[in-house]
2 protein chains.
Amino acid sequence: MESRIERLCIDRGLKMTGQRRVIARVLSEADDHPDVEELYRRATALDSRISVATVYRTVRLLEEKGILERRDFGGGRARYEATEHGHHYHLIDIDTGRVIEFEDAEHEQLMRQIATRLGFDLVSHRMELFARRRPQGVGQSMGQGAGTAGTAVDERVAGKGR
Amino acid sequence: MESRIERLCIDRGLKMTGQRRVIARVLSEADDHPDVEELYRRATALDSRISVATVYRTVRLLEEKGILERRDFGGGRARYEATEHGHHYHLIDIDTGRVIEFEDAEHEQLMRQIATRLGFDLVSHRMELFARRRPQGVGQSMGQGAGTAGTAVDERVAGKGR
DNA sequence: TTATATGCAAACAGTTTGCATGGGT
DNA sequence: ACCCATGCAAACTGTTTGCATATAA
């Protein structure tokens, strides 16, 4: 089956090799922010004939084509997510590494104003919150908790503007 | 003469070696956001008996002591600035690499609210604007222009909140 | 068929580190 | 004198790249 990202690749005239198709699928199915190592892991699980070099090359290509966006959440490794969901920001749980996405309508506008005030045209911006899960009141535990710290099982959060 | 940062080192009981004194001085006199390579360059200009390794170690030590703050403006290299000036943000001129600092009172509060809404306590946050100098009206060129792109001759800008 | 994508391993850049030596306190 | 800081070079991590081979169009 043709994955969403494979479609985008085809639309932009990219040659669809076996490994690209696999990587495209992995990316299409990812709803988190995997780094190259993780993408490589997922891809080789589907087809072992893929090298890290190819993942790096593909990821770079897709970024240039505007299909992917590179993120830097600190920690030295670049992480990727598909370009699609409207502008959103990230909150990184410093204890678990989990990344939560959120939107905030006001921000982009505010940042644009600031740039303008300084005599610039805003090209892009980034904002990340590093935070710690607030200790819950009594007992009422939280669906997925402090358990599996480490691997970032990212989640997405709706909510719009404050 | 004892530099501002040397003072801080002494206050925290750090052993003041010759190279630390020099690096402390370089940092005290810097009003930009130098990376290790640049710090090393400035330091060895004052005293050649300093190795990059020492700069790396010192910079890490000072960061742990809360005297320095590490920044990541993209480009792979960490950049440093003394902890002191109140919370401020950075706008990076994508054409020249120059970094402009600015303040915005509203932001911290706003970010804190967002974290709270998501069930977190904000620990730290970062925000960077990548922008391009707005093309000036007619002819009137700009003091220091597109000329020497590359080296970041940072500047500081006052202004408070929008 | 022909240009382009891949694998492999070597090359790179930034940063860290082991070890013997030097220098503060 | 003692322990910590330093220099040097080797090690490491994430990422890129040269080259011969494989493959999509």
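Letters go in sequence order (proteins before strands), and every chain restarts at 1. Since the structure is predicted, the reported quantities are computational estimates derived from the model, not experimental observations.
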query: Which sits closer to the 5' end of DNA chain C, B:Arg21 or B:Arg57, going by the nucleotide each is nearest to?
result: B:Arg57
field: A:Glu6 backbone acceptor or donor facing A:Arg21 side chain under 3.5 Å
entry: no
message: What is the separation between atom CD on B:Glu64 and atom C1' on C:dT16, rounded to the nearest whole Å?
response: 13 Å
Listed nucleotide nearest any side-chain atom of B:Arg20, set D:dA5, D:dT15, D:dG7: D:dA5
- request: For DNA chain D, find the residues of residues 22-29 of chain A with a heavy-atom distance under 4.0 Å and give them by number; none if there aren't any.
  value: none
field: Any A:Tyr56 side-chain nitrogen or oxygen under 4.0 Å from OP1 or OP2 of D:dT16
entry: no
field: Any residue meeting salt bridge (Lys or Arg N to Asp or Glu O under 4.0 Å) with A:Arg41, in chain and number order, not counting sequence neighbours
entry: A:Glu37, A:Glu38
- prompt: With sequence neighbours left out, what residues match B:Asp93 under salt bridge (Lys or Arg N to Asp or Glu O under 4.0 Å)?
  reply: none
Polar-atom pairs under 3.5 Å, protein N or O versus N or O of nucleotides 9-11 of chain D: list them with distances, or write none.
none

- request: Check the angle between the aromatic planes of B:His33 and B:His90 and answer parallel, tilted or perpendicular using the 30° and 60° thresholds.
  value: perpendicular
- prompt: For C:dC8, does either OP1 or OP2 sit under 4.0 Å from a side-chain N or O belonging to A:Ser51?
  reply: no
- prompt: Should A:Arg60 be listed as having a side-chain N or O under 4.0 Å from OP1 or OP2 of D:dT17?
  reply: yes
Distance-only check: which donor-acceptor pairs under 3.5 Å involve side-chain atoms of residues 7-18 of chain A, not counting sequence neighbours?
from: A:Arg7; atom 1: NE; to: A:Asp11; atom 2: OD1; distance (Å): 3.2
from: A:Arg7; atom 1: NH1; to: A:Glu2; atom 2: OE1; distance (Å): 2.9
from: A:Arg7; atom 1: NH1; to: A:Glu2; atom 2: OE2; distance (Å): 3.0
from: A:Arg7; atom 1: NH2; to: A:Asp11; atom 2: OD1; distance (Å): 3.2
from: A:Arg12; atom 1: NH1; to: A:Lys65; atom 2: O; distance (Å): 2.4
from: A:Thr17; atom 1: OG1; to: A:Arg20; atom 2: N; distance (Å): 3.2

Polar atoms only, N or O, under 3.5 Å: list the protein pairs with nucleotides 21-23 of chain C and their distances.
from: C:dG23; atom 1: N2; to: B:Lys15; atom 2: NZ; distance (Å): 3.3

